[in-house]
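First comes the structure, then the notes that go with it.
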Amino acid sequence: GSGAGGGALAFKLAKAGKKVLIIEAGGFYNPDEFTRFELQAYRNLWWQERFTSNFRVSGGKLRDEIALGMGRCVGGSTTIFTAVAQRAFAENIDAWYTETKTVNDLGEPISLSDLIPNYEQVESETGVSKYLNWDSGVRRLQEGFTRIGYPLEPVDAYINPTSCDHSGCLFGCPTGAKRGSLLAYVIPALYAGAEIYTNTYVERVLLRRIPEDNSGRVLEAYGVEYTDAR
């Protein structure tokens with residue numbers, strides 16, 4: 001995929017001189033191809049609604065599931081989301097450790113402080129800042145919320161406010177103001193030598209046995225089987 005994780009990883013590897021292929025299930029659209037015609041944009045850029053993983057585990061029975069919107073295009077969900085760049089709270093990372101037992105480089109339970117340098121790097125690369133380019137509707141809401149003691153606060157967002165025209169984030173940013181994975185990582189990765197296959201879906205990761213290495217690894221991935229547009 002070419003979203004928040006895959007796009008950034010592809011760029012880092014390509015920049016380091018590695019041979020990189022990005023495989024994306026959706027299509028490649030430049031900002032000038034994004035449309036405000038919602039039905040067309042939905043078909044081009046979005047997966048059908050999906051539920052969190054327990055929905056499948058429970059045999060399709062709803063058990064406190066959350067319906068998720070997900071991008072199916074180059075840039076993934078960073079192309080269709082509203083560009084909010086919220087850092088996780090410490091309790092989120094604590095819960096993650098409880099479930100996964102992920103540790104830091106020192107073998108200690110992973111914590112929010114371990115992620116701060118990574119947050120700062122990505123926020124720098126994507127131009128995260130406080131979004132204060134409020135339109136008249138938000139300013140009117142601010143008046144009302146302030147009167148009842150709950151003033152609004154600006155979100156951190158990967159948006160260049162000087163080129164944002166408030167045309168809506170959910171169907172791709174036509175002005176290029178939103179610095180999601182498409183602009184911040186995938187296109188620079190291509191300039192750095194990466195390749196990309198679009199409208200291509202990975203069906204299976206191919207594994208093979210290897211002599212056990214120092215880390216105890218006995219399997220390696222050597223390729224994928226995929227279905228392309230043809």
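Keep in mind that this is a model prediction, so the values were computed, not measured. Both backbone and side-chain heavy atoms feed into the values below; hydrogens, waters and symmetry mates do not. By convention here, the first residue in the shown sequence is residue 1.
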As an exercise, state the distance from CG of D213 to CD of E220, rounded to the nearest 0.5 Å. 9.5 Å

Cation over ring face, R72 and W47, 6.0 Å, 45°: yes

How long is the gap from OG1 on T35 to CG on N44, to the nearest 0.5 Å? 8.5 Å

Summary of ring pair (Phe, Tyr, Trp, His ring centres under 6.0 Å) pairs that have at least one residue in residues 211-230, sequence neighbours excluded: Y197-Y226

For the backbone of E33 and the side chain of N30, can you confirm whether one donor and one acceptor N or O come within less than 3.5 Å of each other? no

Ignoring hydrogens and angles, tell me if any N or O in the side chain of N92 forms a donor-acceptor pair with the backbone of A95 under 3.5 Å. no

Pair R217 + E212, salt bridge at N-O below 4.0 Å: no

Return all side-chain donor-acceptor pairs below 3.5 angstrom for residues 2-23, not counting sequence neighbours, or 'none' if the list is empty.
from	atom 1	to	atom 2	distance (Å)
S2	OG	E24	OE1	2.7
S2	OG	G75	N	3.0
K12	NZ	E125	OE1	3.4
K12	NZ	E125	OE2	2.4

Residue pairs meeting ring pair (Phe, Tyr, Trp, His ring centres under 6.0 Å), one or both in residues 19-41, sequence neighbours left out, come to none

Has the side chain of D114 got a donor or acceptor atom that lies under 3.5 Å from a matching backbone atom of N104? no

Sidechain-backbone polar pair: W134 side chain, P154 backbone, donor-acceptor under 3.5 Å: no

Identify the heavy atoms of T198 and T200 that sit nearest to each other, and give their distance. O-OG1, 2.8 Å

Tell me if the CD atom of Q48 is crowded by more than 12 foreign heavy atoms within 6.0 Å. no

Between C164 and H166, is any pair of side-chain heavy atoms under 4.5 Å apart? yes

Determine yes or no for a side-chain-to-main-chain donor-acceptor pair under 3.5 angstrom, with K178 supplying the side chain and C169 the backbone. yes

Taking atom CZ of R140 as the centre, report whether more than 12 heavy atoms of other residues, nucleotides or ligands fall under 6.0 Å from it. no

Any non-hydrogen side-chain atom of I110 less than 4.5 Å from a side-chain atom of V103? no

Return yes if some donor-acceptor pair links the side-chain N/O of S77 with the main-chain N/O of G71 below 3.5 Å, else return no. yes

CG/L39 to CZ/F171 distance, rounded to the nearest 0.5 angstrom? 9.5 Å

